[in-house]
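Throughout, a chain's letter reflects where its sequence line sits, starting with A, and its residues are numbered from 1.
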Amino acid sequence: MPAHILEQNREQGTMNPVTMKDKKTFKLDGKAIEFEDGDTIMDAALRAGEYIPHLCHNPEFTPHGSCRVCIVNVDCKQVSACTQPAIENSEVDNSSDEIMANRRALLQMLFVEGNHICPGCEKSGACQLQAVAYYCNMLSSHFTHFFPQRSVDASHPDTAIDFNRCILCELCVRASRDVDHKNIFAIDGRGINSHLVINSSSGKLGDSAFTASDKAAHVCPVGAILPKHKGYEKPIGERLYDKQPVSIVGDVAAYEQDEDC
Amino acid sequence: MSTDLETASNPENLERIVIEPVTRVEGHGKVTLLQDKNKHIRQARLHIVEFRGFEKFIQGRPYWELPVLVQRLCGICPVSHHLVAAKATDMLVGARQLTPTAEKIRRLMHFGQTLQSHALHFFHLCSPDLLFGFDDEVRHRNIVGVIEDHPEIAKQGVLLRKYGQEVIRLTAGKRIHGTGAIPGGVNKSLSHEEVDYLMKDIDQIIAWSIDAVALIKRIFSEHYDYHMAFATIDSNMLSLVGSDGAFDIYHGDLRARDKNGNTIFDHADYTKYNEYIKEGVKNWSYMKFPFIDAIGAENGWYRVGPLARINNCDFIGTPLAEKERIEFMAAGNGKPVQSALAYHWARLIELLHCAESIKDLLQDADISGSELINKGEMQNTGIGVIEAPRGTLFHHYEIDKDGIVTRANLIVSTTNNNQAMNESIRQVASQYLDGNQLTEPLLNQIVVAIRAYDPCLSCATHAMGKMPLEICLVDEDDKLVDRLEKRATGSITRTI
Ligand code: SF4
Ligand code: FES
């Protein structure tokens, strides 16, 4: 969600005592949040302009609940805010030390499972994984790096996929299936062997029906799906998350269509 | 060109002395000396870690990442790798000519980098040897000693370096490992505030650079003959020069001259570097030994860096540095100046040129222009050459039709100087160490000779003056006979 909408929501989200009577609410870190039937905690929080860290969630798509970075504590139970329906009068903890520590551990695992070499990555400064890790105060990878052997698919003329950086959020899968109606991406394998695959005879992006104008080209929260022949064009200091944290700026995908971040 | 001490005929009967690590240079190096029973030096070799791993590592990566990826080779002169890779990628994207803004921003970044690198090398790493003498007490012969005895000089060193880093920060986005240069251009120019900020101190920087040249000339003249003779070897010299023969560290053609200053080749197109330069291998070192093909492996080795550049160019385009160049060249009496310690002198003339050039560029309106990138038709081969602070640096990439790097070849400055450094330590070993019981001051002379080249022995950087030094005497069966150890605190112990 872009910053101005978050901001707008934040203002409108301030409770009005008259309407509040009829609306259902829950408490997010002690603050009343309105919700409607069918809302998840994430939906209601975003609408109210409250930030819950997330990676695989994008309000344009059906929730997926895979990254677990959005975990919150609801009445002493840890659930993912993007899939958990809001419950009236519940107490939701989005910021305790315990929740933040768990998020950090989840992020650290994401970092060590792939090859996320921020210093050399063209997405650095505009990467949601990096930005969420900063927000959650992750200072090191902590766990031993897996250094998996993964490749780069640059067979498509306009777009490259660096599998080293994929966090298996399935946003490209959902975008290609639900918006582009092309079904170009899927996750194959199980557990630690899960990996992104491409629907083409050779398994290469260049042989698929993918085009750079597909929705799937503009939803990746990390530097896995990137336009070719460019990188680092935004100077350090002017990149998406250089000036303000992800909690204010919002998702990288919301900026993708306007310009390359 | 002597290679007498490269390989001893009967090494099994000799004592082996190891200087490891070589201190006050960038990274790790090791010197081994073989000494016979009469204390004669029979073999001297400098061993250096090579960068081959990096060439492998970037295979399979997209070419547009190269300028940012490869600068990780080095924590001391990342800007050189950043810029030379950017030049190679310019060729890949068919940018034959950069926009004036892009070219000048890159030059400014390079002057900033060279200024800070030269200041670091001279003031932090070498001034202790030069101000106090090579045999000064080890405890005192370091930057802390300089700060105590010559606070003004130490302060100038720190501030010159800081200024260079600020130039880098404003052109590349960060003081180290920035992103300023991208294929076909740059990602930012300087705002007027940034120009004003840098202009504020530039006259002081030029003044200190003048003082630095005066200081090295004073040091040189105090023991002129000794300084001119120490570690001196007659060598060929290689560098870039501008199309008009001008001193140029960012772009130009290759020029090689022999020990008498006669031309070996001139205005050679650097994209054809492998027609002129070949890389030899020796069984005792992982590092390659490049040589000028026309002369051959035996005598075709050459020197690069400040000494080669000042000797090779026809003139320097800024007045103060040009005046110093003329005085420097007079010391050669019509021939190239070959003294290894003259590297320091040449380096500080370059420091002055950088300071003058930064001022010129800051006064040029193009530096704030908005046309940043230029691209043409894609090519599969990209070759960039630049004069890094330590000398000529080659980056060569091949990419496939998808833009993925299939092959990389890097010849770094220190590799170019590999044979020359070996020759210099052999000269020192035979002249000053031969026949003597080895002591720390004597061994330091070897290291002083290496330091003159400002080698970047690996991509690592190390805290100054904290690096331990270990000197081992080993007999023919590799049994330890004697061991001197310098601790990080500066204390020295004999552990056998
Ligand atoms: S490529 Fe990007 S969008 Fe697709 S699953 Fe991987 S991280 Fe998610
Ligand atoms: S954002 Fe909720 S699980 Fe990923």
If you measure from [atom1] on [X] to [atom2] on [Y], what distance do you get to the nearest 0.5 Å?
X: Glu233(A); Y: Trp64(B); atom1: CD; atom2: CH2; answer: 11.5 Å
X: Ile117(A); Y: Leu69(B); atom1: CD1; atom2: CG; answer: 9.5 Å
X: Lys230(A); Y: Ile182(B); atom1: NZ; atom2: CD1; answer: 9.5 Å

Hey, are Glu65(B) and Arg165(A) close enough for a salt bridge, meaning a charged N less than 4.0 Å from a carboxylate O?
->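 Yes, Glu65(B) and Arg165(A) are salt-bridged.
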Phe163(A) atom CZ, over 12 foreign heavy atoms within 6.0 Å =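 It does: Phe163(A) CZ has more than 12 such atoms within range.
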Got more than 12 heavy atoms from elsewhere within 6.0 Å of CD, Gln379(B)?
->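 Counting neighbours around CD of Gln379(B), more than 12 heavy atoms of other residues, nucleotides or ligands fall under 6.0 Å, so yes.
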Can you list the steps and then say if Glu122(A) with Val68(B) is a side-chain contact (heavy atoms from CB on, under 4.5 Å)?
-> CA-CA 9 Å; Glu122(A) 50 271 58; Val68(B) 170; over 6 Å; no
Select one option (side chain, backbone, both, neither) describing which atoms of Asp162(A) are under 4.5 Å from chain B's heavy atoms.
->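 Just the side chain, heavy atoms under 4.5 Å.
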Could you tell me which portion of Ala172(B) (side chain, backbone, both or neither) has an atom closer than 4.5 angstrom to a non-hydrogen atom of chain A?
->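 Ala172(B) touches chain A through backbone heavy atoms alone.
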Side chain, backbone, both or neither: which part of Ile373(B) has a non-hydrogen atom closer than 4.5 Å to chain A?
->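 For Ile373(B), the side chain is the part near chain A, not the backbone.
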Please tell me if the side chains of Lys234(A) and Asn187(B) come closer than 4.5 Å, counting only heavy atoms from C-beta onward.
->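 Side chain of Lys234(A) against side chain of Asn187(B), heavy atoms only: no contact under 4.5 Å found.
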Is the shortest heavy-atom distance from the side chain of Val152(A) to the side chain of Arg61(B) under 4.5 Å?
->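 Side chain of Val152(A) against side chain of Arg61(B), heavy atoms only: contact under 4.5 Å found.
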